[in-house]
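Here's the structure we're looking at; comments come further down.
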Amino acid sequence: MSSGSPIQIPSRLPLLLTHEGVLLPGSTMRTSVDSARNLQLVRSRLLKGTSLQSTILGVIPNTPDPASDAQDLPPLHRIGTAALAVQVVGSNWPKPHYTLLVTGLCRFQIVQVLKEKPYPVAQVEQLDRLEEFPSALQTREELGELSEQFYKYAVQLVEMLDMSVPAVAKLRRLLDSLPREALPDILTSIIRTSNKEKLQILDAVSLEDRFKATIPLLVRQIEGLKLLQKTRKHKQDDEKRVIAIRPMRRVTHVPGALEEEEEEEEDSDDVVLLERKVRTSSMPEPARRVCLKEVKRLKKMPQSMPEYALTRNYLELMVELPWNKSTTDRLDIRAARVLLDNDHYAMEKLKKRVLEYLAVRQLKNNLKGPILCFVGPPGVGKTSVGRSVAKTLGREFHRIALGGVCDQSDIRGHRRTYVGSMPGRIINGLKTVGVNNPVFLLDEVDKLGKSLQGDPAAALLEVLDPEQNHNFTDHYLNVAFDLSQVLFIATANTTATIPAALLDRMEVIQVPGYTQEEKIEIAHRHLIPKQLDQHGLTPQQLQIPPATTLGIITRYTREAGVRSLDRKLGAICRAVAVKVAEGQHRGAKLERTDALEAEGGRERSEDVEPQPIGDSGAAGLALPPEMPILIDLHALKDILGPPMYEMEVSERLSQPGVAIGLAWTPLGGELMFVEASRMDGEGQLTLTGQLGDVMKESAHLAISWLRSNAKKYHLTNASGSFDLLDNTDIHLHFPAGAVTKDGPSAGVTIVTCLASLFSGRLVRSDVAMTGEITLRGLVLPVGGIKDKVLAAHRAGLKRVILPQRNEKDLEEIPGNVRRDLSFVTASCLDEVLNAAFDGGFSVKARPGLLNSKL
């Protein structure tokens, strides 16, 4: 033995009780800690300790820790392993627990348990020496042949394994470098053994007993490996025999059938078939080189490797992609115009853009696909018109829903290094349609999200840039794919949430809401025939006149599109379907009754009970309804219930301090009422109605302008003072308080509302207005004019006050709407007030004073 003093473990050790496994010296084990005493040991000793000694604990095997610390300790196993806690990982789900990574140091024997709570601590006696082992010469003298026999079996076992694996090669080196005394514990923890067998090795304190107990385990493992290798050899021999037999069978065939059978044999080999597809495909040369390289790797891989399936899926996708396959465009402009008109009513701007693209395609064959963005309220047909564009061009159509997408991998795909990787939606769509020039509809592009996985809107920058998408690289493919022939159409309800860089790459085409006349035409051209077909009705059974359609539009819907109108028409068809079905049943019943009466009274009395036709109790034998069933306003109320919307403009403007504004929302234009009241107070301005900062600033601008011009218009508060806020509080409210409102366009409405309040005059009930104001009283232009004007027209108003610089936007409004409305364009608030009040809002000139021109 060496003369130096050996390393000693502490004489008092905290005990970790475990029954999951057996930790041997020199090995590493993970164990879960979830019982009361073990948890207290980890928290008090390992997590709070700062010295190396605090990380040393005693692991007692085959001893379960009681669930509660109130229970007594069970009998402890006599021999344990002193261990070093290398890692502690905690979690609170599904219950608090820790996972310990411990490394065995040496054996010890429990001398006495010193305490049991909060965790057991025992006085121990070290049984193994640490670091200092007997020399090789002394070991050979003491153990002799037993040590050599063990070493021979250990080397034989390791050399039967695959030495190309780094862990096996490292184990082979350890057999020569480690002392023989440490090998039994290490090899027992590596080979397949039960916990009972490991306990026997742990309890073998003397080296001789340890070697004798471990040798049978090594022999058993060697015999198992020999049997496994023998089984594999038989399988390889069978495969070689099959391969050797197949060429002999080919020779026996006639020469004419030789080539066909060779093709069948090659087709049976998936890798050869994939390689042939790669070589015969139309993919570019860089992509073909990458695929052939992957094929070579695939041939060298065993099929059991996970990467084999991943590489094969990649090659199959590359072969299936339409690298050069495309459809031929239909370039007949007249036929395209007819088709677009038949599918959609109105939408003149959109149709014009599609026809322009067709005209340029006739003149230039290699025209890049445009990047269009249809922006408009829901229900106006943005998605369906994209499908019609594909039908007009004779191209394949594919829709990609982007609403709620918050991972850039949905666009660019995952890298193949990840488990479960797949290409992005763009490449998947191309694989689905099978051509490289489809129409891609990127639906709801304004509702893209952003998360820790990246920004999909930024990933779309490459897809939607005509100067870059000819070389689009998906992360999964890792080769360039040409998207320049794809016609991308994006749809959005608003451009406010689309990033500026992405919006700059798209050609925005506004798709406004429909007028009442357009809705009537759409209903009778498209919606009513569709609903009749879906409900099994015919025009000979149901008729809805235009007056009834107008009643549905004005009294049962409030929308820019036609989705609610379509649902109401569906409700009418369902109600009529019930009547028609009941009428057919009653007609059949009446015919059967007449037949029974002709045959005799006895059969009639047995089968049916006669009831008078006019009797209210004989509803089952009532005559079927006359066809066609005509839906008028009275039937409309019976089917759809009372009207949901009424014209309340005249009621809301029955007192001073109320004005009507016009607002734009992603759903179209809306009326916005502004109400004001005043009361005694300290000159405070209260604003309610879920207002944004811009609208609050507009309210402060309005009150400041009125206070500065109060003498000019002779506006006074309740006490007759020209200081409108002198001992007076003003409350401005914007109804529909649950809806958030913001924007500068309510400025003129707030001024008119406050002017009505302080002058005591009523605002005209048929006037709506919009416009931004300044502190000097100027009216600045705003957006959404068409949608706002259509909202005023839907509400039955007659006059609309607009900023003068928005006069150019009136050209977009349909002619029938312009004829029904009177437009007043104002450049200053004086003109707004004169147009909003009956008889104008004249200036009260003070006698003897001249009005300043400054």
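Hydrogens, waters and symmetry mates play no part in the numbers below; they use all other heavy atoms, side chains included.
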Side chain to side chain contact (heavy atoms under 4.5 Å, CB included) filter on N365, not counting sequence neighbours, yields R361

| request: Ignoring hydrogens and angles, state whether a donor on the side chain of Q531 or D566 is under 3.5 Å from an acceptor on the partner side chain. | output: yes

Under 3.5 Å donor-acceptor, [X] side chain and [Y] backbone:
X    : Y    : value
N313 : A309 : yes
T491 : E444 : yes
D443 : A401 : no
D329 : L331 : no
D343 : S388 : no
E507 : P370 : no
R297 : K293 : no
K368 : E467 : no
S281 : V319 : no
N437 : R395 : no

Which atom pair, heavy atoms only, marks the closest approach of [X] to [Y]?
X    : Y    : value
P423 : D474 : CA-OD1, 3.8 Å
T392 : A336 : CG2-CB, 3.2 Å
P456 : V405 : CG-O, 3.4 Å
W323 : A287 : CH2-CB, 4.1 Å
S421 : L310 : OG-CD1, 3.7 Å
D787 : G513 : OD1-N, 3.4 Å

Nearest 0.5 Å, what's the [atom1]-[atom2] distance between [X] and [Y]?
X    : Y    : atom1 : atom2 : result
L171 : L157 : CG    : CG    : 8.0 Å
T311 : E316 : OG1   : CD    : 11.0 Å
L460 : D410 : CG    : CG    : 10.5 Å
I190 : I186 : CD1   : CD1   : 7.0 Å
C291 : R279 : SG    : CZ    : 11.0 Å
R387 : K382 : CZ    : NZ    : 13.5 Å

Which of L477, I427, V486, D482 passes side-chain contact (heavy atoms from CB on, under 4.5 Å) with F472? Answer is I427

Contact check, side chains of [X] and [Y], non-hydrogen atoms, under 4.5 Å:
X    : Y    : answer
L372 : F488 : no
M506 : L464 : yes
L483 : H470 : no
Y476 : H414 : no
R172 : V168 : no
Y357 : L367 : yes

### Task
Check the pair I522, H344 against side-chain contact (heavy atoms from CB on, under 4.5 Å), reporting the backbone distance first and the verdict last.
CA-CA 8 Å; I522 292 171; H344 290 84; over 6 Å; no

Would you find more than 12 non-hydrogen atoms of other residues, nucleotides or ligands less than 6.0 Å from [X] atom [atom1]?
X    : atom1 : answer
K277 : NZ    : no
E348 : CD    : yes
R353 : CZ    : yes

Please determine whether a side-chain nitrogen of the Lys or Arg among K296 and E275 lies less than 4.0 Å from a carboxylate oxygen of the Asp or Glu. no

| query | Between R220 and E223, is there a salt bridge with N-O shorter than 4.0 Å? | reply | no

Query raised in the report: Run the side-chain hydrogen bond (donor to acceptor under 3.5 Å, both in side chains) check on T494 and D446 step by step: do they pass?
Result: CA-CA 7 Å; T494 176; D446 59 327; 5.9 Å; no

Exercise. Report the C-alpha separation of K786 and E812 in whole Å, then their side-chain angles, then the decisive distance to 0.1 Å, and conclude whether the salt bridge (Lys or Arg N to Asp or Glu O under 4.0 Å) test is met.
Key: CA-CA 7 Å; K786 182 176 181 180; E812 300 180 358; 5.8 Å; no

Using side-chain hydrogen bond (donor to acceptor under 3.5 Å, both in side chains), reason through S451 and Q453 one step at a time and then give a plain yes or no.
CA-CA 5 Å; S451 68; Q453 284 74 34; 3.0 Å; yes

Practice task
Taking the six-membered ring for Trp and the full ring for Phe, Tyr or His, determine whether the centres of H398 and F440 are under 6.0 Å apart.
Solution key: yes

Quick note, salt bridge (charged side-chain N to carboxylate O under 4.0 Å, His left out) partners involving residues 414-424, not counting sequence neighbours, are E294-R416

(Q) Run K325 and N436 through side-chain contact (heavy atoms from CB on, under 4.5 Å) and show every step you take. (A) CA-CA 6 Å; K325 184 180 178 182; N436 66 353; 5.8 Å; no

